[in-house]
K.L.:
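Right, I'll just put the structure down here and ask away after.
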Amino acid sequence: MESYVFPGNIDERISSIGAADIPYMRTDEFSAINLESSGILLDLIHCKGGRTIIYTGSGTGAMTAIVENYVSTKKKALAINGGSFGQRWVDLCRYYGIPVVDFKVEFTHEPDYERLAATVADEKPDVLLCQHHETSSGVLYDLERISGICRENGTSLVADVISSFLAEPLDMDGLGIDICVTSTQKGLNIPPGLSIVFLSKRLEGYRFAHRGFYWDFETNLDNLRRGQTPFSPATTIYLQLNARLRQLREEGGEQANILRVRHNAEVFREECRKYGWEMPAENPSFAVTAIQTGDDERRRIFKGLAERFDTSIMPCGKPGMYRISHMGLSSDEQTRLLAERIHILETELQ
């Protein structure tokens with residue numbers, strides 16, 4: 001199968017770990033692996049002296065953890081809401097009874113940064129929640145401008161970098177981000193199942209809330225100091241994570257991976273222009289390309305790719321719009337063939 005969903009085509013050396021016997025995890029060896037993984041992760045995101053929490057759970061689980069432990073200690077939040085995942089920040093705040101300003105952004109568009117600055121100055125939120133890349137639309141937000149707005153107003157910045165980590169340049173310390181969150185099935189290009197919270201050094205000694213048992217920051221941090229987890233981990237995926245992080249380090253770190261993802265995107269977008277597909281994202285991330293085809297809510301292109309070509313892409317909420325991930329392994333020939341097959345299927349719709 002050719003996969004252009006998340007995580008995409010995975011290196012066989014990494015995927016084969018998933019077929020191996022599962023070792024017992026309460027050992028010094030497993031602890032050493034997790035401590036090494038934590039150190040490499042902090043280096044990749046440029047969070048010197050920070051801490052990680054690696055959860056067995058989805059990215060939404062880690063977002064929940066951030067709201068339970070950190071956002072709930074604040075009086076008011078502001079969430080940039082430009083798609084499904086911005087809406088998730090809003091929904092989580094409301095679920096936990098945290099006052100939140102729902103800063104709406106038109107789908108496939110960037111925020112109006114001047115309006116955002118004025119809203120932050122007027123509403124005075126204690127914390128701003130945003131995506132770096134709104135995965136549902138393919139739009140990349142300008143974290144540098146958002147960071148500047150937060151600094152001017154003394155607002156803490158929390159960023160969902162789930163689909164931008166290792167696909168776009170990201171300097172957590174340089175941007176003054178207090179907390180970032182990612183997960184394993186995007187830029188890390190391994191199976192889903194783990195999510196990662198990055199805590200900046202500035203939060204050392206911070207008094208987090210205790211509003212959830214499983215996601216409790218302090219319980220998890222206490223265990224992770226010795227490389228362990230408080231509850232049974234998805235052991236195999238922890239091993240795949242470590243193997244992939246070592247591989248990334250050997251291949252040149254985050255910059256080499258960003259260049260690979262960017263190349264995949266540029267090859268595919270060249271084909272998009274050839275076939276006349278609109279790419280509606282105002283400022284597209286290299287992680288994903290969203291295209292508007294002549295398909296409709298029946299998703300015939302999606303079904304045709306799966307049934308005739310054993311290939312998978314991602315539908316969007318808008319009829320005829322699809323997203324193609326560039327994070328997995330793919331040759332130029334494979335990428336061009338994907339575009340050709342989408343074109344064939346679209347032509348047959350007429």
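Any value given below was found using the heavy atoms of this structure, including those in side chains, with hydrogens, waters and symmetry copies removed.
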K.L.:
With side chains defined as the heavy atoms from C-beta onward, is the minimum distance between Tyr55 and Leu194 less than 4.5 Å?
P.N.:
no
K.L.:
Looking at Glu36 and Arg249, does any basic side-chain N land under 4.0 Å from a carboxylate oxygen?
P.N.:
yes
K.L.:
One thing to verify: whether Lys124 and Asp122 come together as a salt bridge, which I'm taking to mean a side-chain N less than 4.0 angstrom from a carboxylate O.
P.N.:
no
K.L.:
Within 45 degrees of the ring normal and closer than 6.0 Å to the centroid, is that where the cationic atom of Arg115 sits relative to Phe103?
P.N.:
yes
K.L.:
Can you find a heavy atom in the side chain of Leu188 that is under 4.5 Å from one in the side chain of Gln240?
P.N.:
no
K.L.:
Taking side chain to side chain donor-acceptor pair (under 3.5 Å) as the test, write out the residues that go with Ser58, two or more places apart.
P.N.:
none
K.L.:
Flag the pair Val288 / Phe6 as yes when at least one side-chain heavy-atom distance between them is below 4.5 Å, and no otherwise.
P.N.:
yes
K.L.:
Please identify each residue that fulfils side chain to side chain donor-acceptor pair (under 3.5 Å) with Arg262, with sequence neighbours left out.
P.N.:
none
K.L.:
Considering only residues two or more places apart or on different chains, which pairs with a residue in residues 166-176 satisfy side-chain hydrogen bond (donor to acceptor under 3.5 Å, both in side chains)?
P.N.:
Glu168-Ser285
K.L.:
Is the Phe268 to His326 ring centre distance short of 6.0 Å?
P.N.:
yes
K.L.:
So that I know where these two stand, are Phe213 and Phe231 an aromatic pair - ring centroids less than 6.0 Å apart?
P.N.:
yes
K.L.:
Report yes if the distance between the aromatic ring centroids of Tyr70 and Tyr206 is under 6.0 Å, otherwise no.
P.N.:
yes
